[in-house]
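Structure first, then comments.
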Amino acid sequence: MLRGRLSVEARPSDSSRRQRLTTAALLALSALLGPQAWAAQALEVTAMSIEDLMNVEVTTVSRKVQRLNDTAAAAFVVTAEDIQRAGVTSLPEALRMVPGLEVARISSSRWAVTARGFNGRFANKLLVLVDGRSAYSPFFSGVFWEAEDVLLEDVERIEVIRGPGATMWGANAVNGVINILTRHARRTQGGLATLLVGNEGQRTGAVRWGAPVHEDAHYRIWAKSTERDSVQGSDGSPGADHLRSLRAGVRLDNDLAGGTRLMATANVFDVRSGDVLMVPQTTAPYAVRTPTVQSNEGAHLLGKLDWRLDNGSLGTLQASVEQTRVEMRGVHAEERTTLDLDFQNRLSLSERQELVWGLGYRHSTDAIQSGSLLTLLPAAERQSLVSAFVHDEYTVVPDRWRIAAGSKFEHNSYTGLEVQPNLRSAWNLNATDSAWVSASRAVRTPARVERSATIDAAAYPADLAGGNPLPTLLRIGGQPAFASESVLSLEAGYRTQLGGSMLLDLAVFQNRYSKLRAGRSLGATPVLDPLPPYLLVSGEVANTMQARAQGVEVALDWHAAPTLRLQAAYTGLRIRADRNGDPMHDQEVRSAEGGVPRHQFSLRTAWDLGHGHQLDGWVRRIGRLEALDIGAYTTLDLRWAWRVTPQFELSLVGQNLLHAQHVEFTSDQLPTLQMRIPRTLAVKGRWQF
């Protein structure tokens with residue numbers, strides 16, 4: 001949808017005091033337990049060699065374990081060590097390390113994350129998975145990043161695939177897939193407690209306990225509380241974009257006989273996040289500054305079973321159920337229940353050929369309550385998706401040349417059958433060099449709001465010089481016939497080891513998009529009652545935009561010395577779309593072309609000083625966002641850590657150190673007051689017992 005605004009008065013979170021007390025109690029319990037098992041386990045920090053990096057395993061590309069160096073895709077892995085040494089406090093911050101991704105902070109509690117263009121608060125061309133569970137919302141087509149969180153110390157790795165991943169993962173994996181994988185419970189035994197306190201109201205506390213059920217079964221339970229105070233608006237006014245989050249979870253891993261493995265997770269969460277909405281009205285000042293509060297709460301349960309079949313093939317069955325409620329006061333409330341089933345089978349047809357196939361089913365029901373600014377009909381809806389995929393990989397020359405082809409076939413309630421094929425080939429040129437190419441198609445299915453919502457997007461004063469004596473209200477509606485967006489993508493990449501201490505990973509791509517979402521003008525009507533009169537300009541969303549994107553992504557990893565590691569990344573991106581003279585359509589074109597930076601650069605350093613001390617730095621240069629009138633900026637983050645004992649680490653983290661505050665992004669969908677992201681300082685303690 002186009003940019004709009006909302007209503008309601010913010011009130012302090014009723015759970016704030018409860019969360020602080022909960023966190024304090026949990027940390028106090030950890031402190032009491034700690035001395036009894038003080039030498040149980042040291043903190044894990046792994047300094048990976050170049051050989052280790054070349055052999056990092058990924059599963060997202062082809063739904064099987066592969067060496068990163070063998071994948072025929074633009075793949076990047078954020079490791080547990082990367083997360084710890086960067087000093088990040090949230091998943092979006094960790095994703096800033098990945099070339100090809102644009103990660104921008106909208107406010108204290110909001111994020112915009114995308115791959116290869118088309119960013120927004122609900123960027124709709126990026127599929128996000130957490131231990132196999134989709135975090136993609138079918139209501140807005142995107143991810144509520146403020147509601148997605150895990151205990152970062154439990155993350156094993158984050159696998160990021162830039163480019164279409166629909167053949168394996170289905171619709172909405174148009175520009176990429178992010179797969180967040182947490183550790184096997186056996187690797188998180190004993191206790192852990194963390195506490196972070198900083199300026200701007202940063203307060204995060206977490207506890208975890210892991211123990212064996214028996215020799216082959218282990219579990220962990222954890223709880224986490226996060227608070228952030230509001231920051232300042234771009235006009236200097238105080239914001240209302242605070243964050244209050246409380247969540248808890250459990251994971252069980254059971255390694256059974258014959259290689260059978262069972263994994264189960266369950267999580268509950270309650271998140272309150274604020275915003276300052278600019279509500280349109282047809283009298284001065286035409287946009288009313290209105291604080292509001294959004295609540296995200298719910299629970300999800302996931303189970304996964306891996307086993308070996310009688311014919312020697314490997315089977316995987318995954319099932320999940322999720323119950324969520326999202327409410328933005330005065331705008332809308334959504335209750336949703338989702339059931340997801342997924343089966344896959346991997347078998348060897350010969351020494352050179354391996355086939356992976358699978359079936360999937362997803363059923364989702366919702367109940368929507370419309371507000372004063374957003375109207376959505378029908379108020380309740382059922383959506384279903386049935387899918388099948390097949391992926392065949394053949395080794396033409398052993399240890400040298402592999403080709404893979406496959407397709408996903410999906411039937412959804414909105415657009416019927418969608419076919420999403422791909423063809424990939426990879427060459428190991430020698431022991432240190434590899435190359436790959438791919439061609440693929442992917443689609444993005446319509447969101448609920450795109451087919452049936454109506455929103456008052458903006459209001460403007462009368463323009464006597466332009467011949468309009470009345471103020472104007474812009475109203476945008478959904479379109480029941482809105483179709484799927486699609487992309488045809490050509491990609492190529494090259495990986496090489498330079499000497500014994502440096503890795504270079506290069507990817508280039510060219511995408512051609514069809515039927516992208518844009519606005520279409522329907523005309524203007526004078527409204528004389530009630531007074532005062534105004535001009536109502538109506539529009540609807542439509543599949544009228546065609547676009548082309550070209551880009552290059554480079555990652556360099558250099559172990560300059562045994563105690564010094566440098567990691568650099570560069571992203572270059574250019575998007576061009578067709579204009580048709582309709583002002584609503586052409587505004588969306590400008591947003592697509594100028595809503596992401598043309599250039600991004602990142603340099604991270606990890607330096608082991610000895611005697612338990614570490615010093616880490618991170619410089620990022622982000623290009624101008626022309627469509628949002630946000631200038632280019634450079635940021636510097638620093639982290640100093642001291643391993644006081646094998647079980648206790650103390651760290652000091654500074655972020656955005658070059659500026660007192662700066663703007664990174666402007667929200668879309670339901671536009672808000674532009675917020676300034678401030679310089680922050682925080683101290684963190686981490687105990688493992």
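These numbers come from the heavy atoms of this one structure, side chains and all, not from hydrogens, waters or symmetry mates. Quantities reported herein were computed from a predicted structural model and do not represent experimental measurements.
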> Do Arg325 and Asp270 meet the salt-bridge criterion of a basic N to acidic O distance under 4.0 Å?
Replying inline: no

>> Taking side chain to side chain donor-acceptor pair (under 3.5 Å) as the definition, give me every residue that meets it alongside Ser602, ordered by chain and number, with sequence neighbours left out.
In response: Trp618

>> Are the side chains of Arg598 and Arg574 in contact, using a 4.5 Å heavy-atom criterion?
In response: yes

>> Any non-hydrogen side-chain atom of Leu464 less than 4.5 Å from a side-chain atom of Pro469?
In response: yes

> Could Glu485 and Lys125 be called an ion pair, given the rule that one side-chain N must be under 4.0 Å from one carboxylate O?
Replying inline: yes

>> Working note: Gln232 + Arg676, criterion side-chain hydrogen bond (donor to acceptor under 3.5 Å, both in side chains); need CA distance, chi angles, decisive distance, verdict.
In response: CA-CA 6 Å; Gln232 193 176 69; Arg676 298 173 179 170; 3.0 Å; yes

Atom pairs and distances, side-chain donor-acceptor, residues 282-289, under 3.5 Å, sequence neighbours left out:
| residue | atom | partner | partner atom | Å |
| --- | --- | --- | --- | --- |
| Thr283 | OG1 | Gln281 | NE2 | 3.4 |
| Arg289 | NE | Ser237 | OG | 3.4 |
| Arg289 | NH2 | Pro238 | O | 2.0 |

> Is any side-chain N of the basic residue among Arg203 and Asp229 closer than 4.0 Å to the acidic one's carboxylate O?
Replying inline: yes

> Sub-3.5 Å donor-acceptor pair from the side chain of Thr454 to the main-chain atoms of Gly477, do we have one?
Replying inline: no

>> I'd like to know if the side chain of His659 and the backbone of Thr634 have a donor-acceptor N/O pair within less than 3.5 Å.
In response: yes

>> Quick one, Asp275 with Gln294, criterion side-chain contact (heavy atoms from CB on, under 4.5 Å). Give me CA distance, side-chain angles, the key distance, then yes/no.
In response: CA-CA 8 Å; Asp275 228 332; Gln294 175 185 296; over 6 Å; no

>> I want to check something: taking the side chain as every heavy atom from C-beta on, are Val276 and Asp241 in contact at a cut-off of under 4.5 Å?
In response: no

>> Quick one, Asp578 with Val589, criterion side-chain contact (heavy atoms from CB on, under 4.5 Å). Give me CA distance, side-chain angles, the key distance, then yes/no.
In response: CA-CA 7 Å; Asp578 299 331; Val589 169; over 6 Å; no

> What heavy-atom pair brings Leu129 and Ser134 nearest, and what distance separates the two atoms?
Replying inline: CD2-CA, 3.8 Å

> Which atom names give the shortest non-hydrogen contact between Thr89 and Leu152, and what distance separates them?
Replying inline: C-CD1, 3.7 Å

> Under 4.5 Å between any side-chain heavy atoms of His242 and Val293, yes or no?
Replying inline: yes

> Quick one: CG on Leu91 to CD1 on Ile180, what's the gap to the nearest 0.5 Å?
Replying inline: 4.5 Å

> Is there a side-chain contact between Val128 and Glu148 (heavy atoms, below 4.5 Å)?
Replying inline: no

> For the atom pair CD1 (Ile677) and CD (Gln655), what is the distance rounded to the nearest 0.5 Å?
Replying inline: 11.0 Å

> Considering only heavy atoms from C-beta outward, does the side chain of Leu573 approach that of Glu102 to under 4.5 Å?
Replying inline: no

> Hey, are the side chains of Pro92 and Arg105 touching, using non-hydrogen atoms and a 4.5 Å cut-off?
Replying inline: no

> Among all residues two or more places apart in sequence or in another chain, which pass the ring pair (Phe, Tyr, Trp, His ring centres under 6.0 Å) test with Phe76?
Replying inline: none

> OH/Tyr513 to CG/Asn175 distance, rounded to the nearest 0.5 angstrom?
Replying inline: 3.5 Å

>> Within the 4.5 Å heavy-atom criterion, are Ile476 and Met584 side-chain neighbours or not?
In response: yes

>> Can you confirm if the NZ or CZ of Arg451 lies within 45° of the ring axis of Tyr414 and under 6.0 Å from the centre of its six-membered ring?
In response: yes

> For the residue pair Arg590 and Pro583, what are the closest heavy atoms and their distance?
Replying inline: NH2-O, 4.3 Å

> For Gln661, does the CD atom sit with more than 12 other heavy atoms under 6.0 Å from it, leaving out its own atoms?
Replying inline: yes

> Any ion pair linking Glu553 and Arg116 (charged N to carboxylate O, less than 4.0 Å)?
Replying inline: yes

> Does the side-chain contact (heavy atoms from CB on, under 4.5 Å) test come out yes or no for Leu376 and Leu374, once each step is laid out?
Replying inline: CA-CA 7 Å; Leu376 196 144; Leu374 187 147; 4.1 Å; yes

> What do the steps show when you test Asn656 against Tyr633 for side-chain hydrogen bond (donor to acceptor under 3.5 Å, both in side chains), and what is the final call?
Replying inline: CA-CA 10 Å; Asn656 301 317; Tyr633 61 90; over 6 Å; no

> Charged N to carboxylate O under 4.0 angstrom, Arg336 versus Asp366?
Replying inline: yes

>> Phe144 and ring-ring contact (aromatic ring centres under 6.0 Å, His included): which single residue from Phe122, Phe139, Tyr136, Phe269 fits?
In response: Phe122

> If you measure from CD1 on Ile106 to CE on Met675, what distance do you get to the nearest 0.5 Å?
Replying inline: 11.5 Å

> With the threshold set at 4.0 Å, does a side-chain nitrogen-carboxylate oxygen contact exist between Arg579 and Glu593?
Replying inline: yes

> To the nearest 0.5 Å, what is the distance between CZ (Arg228) and CD (Glu200)?
Replying inline: 9.0 Å

> Short question: side chain of Asn172, backbone of Thr445 - any donor-acceptor pair under 3.5 Å?
Replying inline: yes

> When you look at Ser364 and Gln383, which way does the side-chain hydrogen bond (donor to acceptor under 3.5 Å, both in side chains) test go after all the steps?
Replying inline: CA-CA 5 Å; Ser364 181; Gln383 303 170 32; 5.4 Å; no

> Got a second to check how far Leu474's CG is from Leu535's CG, nearest 0.5 Å?
Replying inline: 10.5 Å

> Is there a side-chain contact (heavy atoms from CB on, under 4.5 Å) between Leu243 and Val271 once you walk through the steps?
Replying inline: CA-CA 7 Å; Leu243 174 69; Val271 182; 3.7 Å; yes

>> To check you understand the geometry: which heavy-atom pair defines the closest contact between Val443 and Ser484, and what is its length?
In response: CB-CB, 4.2 Å

>> Please tell me whether Glu322 and Thr338 have a donor and an acceptor in their side chains that are separated by less than 3.5 angstrom.
In response: no

>> If I compare all heavy atoms of Pro378 with all of Arg448, which pair ends up nearest, and what's the gap?
In response: O-NH2, 2.9 Å

>> For a quick test of reading the model, state the closest non-hydrogen atom pair linking Ala518 to Thr544 and the distance between them.
In response: CB-OG1, 3.5 Å

